[in-house]
Amino acid sequence: MNNKSSKKIRVRFAPSPTGDPHLGAMRTALFNWAFAKKNNGKFILRIEDTDKKRQVEGSIENIIEGLHWLGLNYDEGPEIGGDYGPYTQSQRKSLYINAVNKLLDDGNAYMCDLSTNDLEKMKEEQKLQGKPPGYNGYSRNRPRKELEESKKNGLPIVVRLKVPLSGNIEFEDLRRGPMKFDLSKIDDFVILKADEMPTYHLASVVDDSSMNISHVLRGEEWISSTPKHLMLYKFLGLDPPSFVHLPLIFGKDKAKLSKRHGANSIIEYKESGLLPEALVNYIALLGWSPRNDKEVLKYKDIIDLFDFKGLSVSPSIFDPEKLNWLNGVHIRSLNDKDLIQIAADKLSKELKDDSDLVDKNKLSEIIPLIKERIKSIDEIYPSIEFFFKYNKPDKSIIKCGNLENSKIKNNLENLLNDFNELQERNSTSHKDIELLLRSNCEKLDLKLRDYLGLVRNCVTGSEVSPPLFESIEILGLEECISRIQDCINTL
Ligand code: GLU
């Protein structure tokens with residue numbers, strides 16, 4: 001075994017707090033997490049907040065909330081600490097400054113006082129001359145003293161890496177194989193900004209190295225950064241980790257996934273009634289496949305089956321219908337106990353009541369009625385609300401085919417008597433209720449759909465509901481009698 005493969009597996013998810021965590025970022029987190037879990041390694045959260053201008057308030061909290069909601073718990077991170085902390089880049093400045101000083105002292109980096117305006121002008125001119133725009137090495141060969149003088153005089157100074165002018169840089173992407181980049185195409189890129197904050201490239205290398213990261217799994221959009229990072233590793237005399245670049249995610253229109261394709265923020269998904277295990281299952285299949293045609297995956301399956309060979313190299317397409325389908329599958333595979341708990345939480349939130357209104361015994365009778373029909377957690381409350389709270393239906397929906405109101409009233413009054421009788425006989429099972437309603441319908445010579453529709457509207461307050469006979473049994477005849485009476489009064 002060589003050094004690298006015998007190294008303990010340590011991987012990191014390193015988001016920048018520039019907005020809500022999106023689907024693609026969470027997929028990166030998931031694959032890192034699964035790889036760590038499968039290999040008995042460590043999964044680390046590192047916040048890359050060196051670009052203070054782009055930082056969005058609340059995004060660190062949302063990243064943490066998103067990871068917890070999805071069940072992607074990390075072993076080391078900003079609020080839990082660990083042996084390699086701090087885990088927030090803005091708190092690690094001295095490490096970056098040390099690295100910059102080494103690079104400057106070794107002649108592998110240099111300071112530059114070119115202003116942003118002049119840099120822009122330079123690029124405009126290059127464009128006019130038909131050349132690719134970029135930094136032209138303006139300070140590359142100027143004496144360090146001169147630039148230190150500029151710094152003393154208060155000019156904004158950045159530090160740039162002295163990229164070799166020719167040659168190639170090569171590395172092995174563990175999924176894509178050998179990759180080769182032409183150094184002459186890489187500018188002397190900035191490693192330390194004028195505000196003395198490191199750029200992403202420098203901070204990423206210093207941290208991956210000092211946090212002992214063994215593998216970097218990140219999106220394909222970072223692939224062109226990897227040669228820059230490898231140069232930094234070389235100049236700093238550090239061992240690079242292994243790299244795996246994950247396929248891009250597109251919408252069905254082949255454009256990079258964004259808000260336009262529906263919810264993209266994990267927080268929005270959380271609030272939309274998706275089960276976290278369904279979303280995790282779905283994002284696992286975005287660019288990876290267990291290669292056994294299995295589509296419904298639980299956390300354990302993902303951990304057991306995850307490997308780099310299953311990663312695709314072409315972009316994956318986000319398909320919201322498949323996500324909804326998987327959500328339904330996962331909801332139906334929840335055990336009743338979990339669903340009852342989810343329903344109880346929703347009810348107490350919606351009814352703003354945590355008293356016995358949310359009666360778990362009652363819920364245990366209700367849940368089996370709806371379990372096979374719901375595709376989203378959000379459908380639970382509307383379909384069971386009537387068991388807990390009666391919203392009297394509008395007069396316009398208290399109807400029965402073409403029957404006039406007086407006849408409807410009459411039929412409902414007769415039904416009240418029938419229900420009273422059932423109660424007296426103690427025949428209150430859904431079978432007794434079904435028998436009664438069917439025979440009434442026959443006697444009245446009404447279409448079953450019309451008659452049951454009328455009863456449903458009165459009892460549930462809505463035109464759609466879980467199976468009617470069972471619902472009446474759970475509601476209890478007494479409650480149904482009072483609801484029907486209420487409707488009679490409106491007619
Ligand atoms: N901070 C980068 C991001 O926001 C991390 C890229 C990487 O994993 O190296 O995605």
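Just so you know, ligand 1 is whichever comes first in the structure, and atom 1 is the first atom listed for that ligand. Numbers here simply count residues along the sequence, with the first being 1.
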May I ask you to identify the nearest protein heavy atom to [atom], giving residue, atom name and distance to one decimal place in Å?
{"atom": "atom 5 (C) of ligand 1", "value": "Ala14 O, 3.1 Å"}
{"atom": "atom 10 (O) of ligand 1", "value": "Trp222 CZ2, 3.4 Å"}
{"atom": "atom 8 (O) of ligand 1", "value": "Arg12 NH1, 2.7 Å"}
{"atom": "atom 9 (O) of ligand 1", "value": "Tyr200 OH, 2.6 Å"}

ask   = Looking at Glu48, which atoms of ligand 1 are within less than 4.0 Å of one of its heavy atoms?
value = 1 (N), 2 (C), 5 (C)

query = Should you measure from each heavy atom of Ser16, which atoms of ligand 1 turn up under 4.0 Å away?
reply = 1 (N), 2 (C), 3 (C), 4 (O)

remark   = Exactly one of Asp182, Leu183, Val163 clears side-chain contact (heavy atoms from CB on, under 4.5 Å) with Ile169, and that residue is Leu183

query = Applying the side-chain contact (heavy atoms from CB on, under 4.5 Å) test to Phe13, which of Ile47, Ile63, Leu30 qualifies?
reply = Ile63

Charged tip of Lys362 within 45° of Phe388 ring normal and under 6.0 Å = yes

key: Test ring pair (Phe, Tyr, Trp, His ring centres under 6.0 Å) applied to Phe35 - qualifying residues, sequence neighbours left out   = His215, Phe308

ask   = Can you check whether Val216 has an N/O within less than 3.5 Å of an N/O in ligand 1?
value = no

key: Salt-bridge contact Asp188-Lys162 (side-chain N to carboxylate O under 4.0 Å)   = no

ask   = Can you name the side-chain hydrogen bond (donor to acceptor under 3.5 Å, both in side chains) partners of Lys270, sequence neighbours left out?
value = Glu65

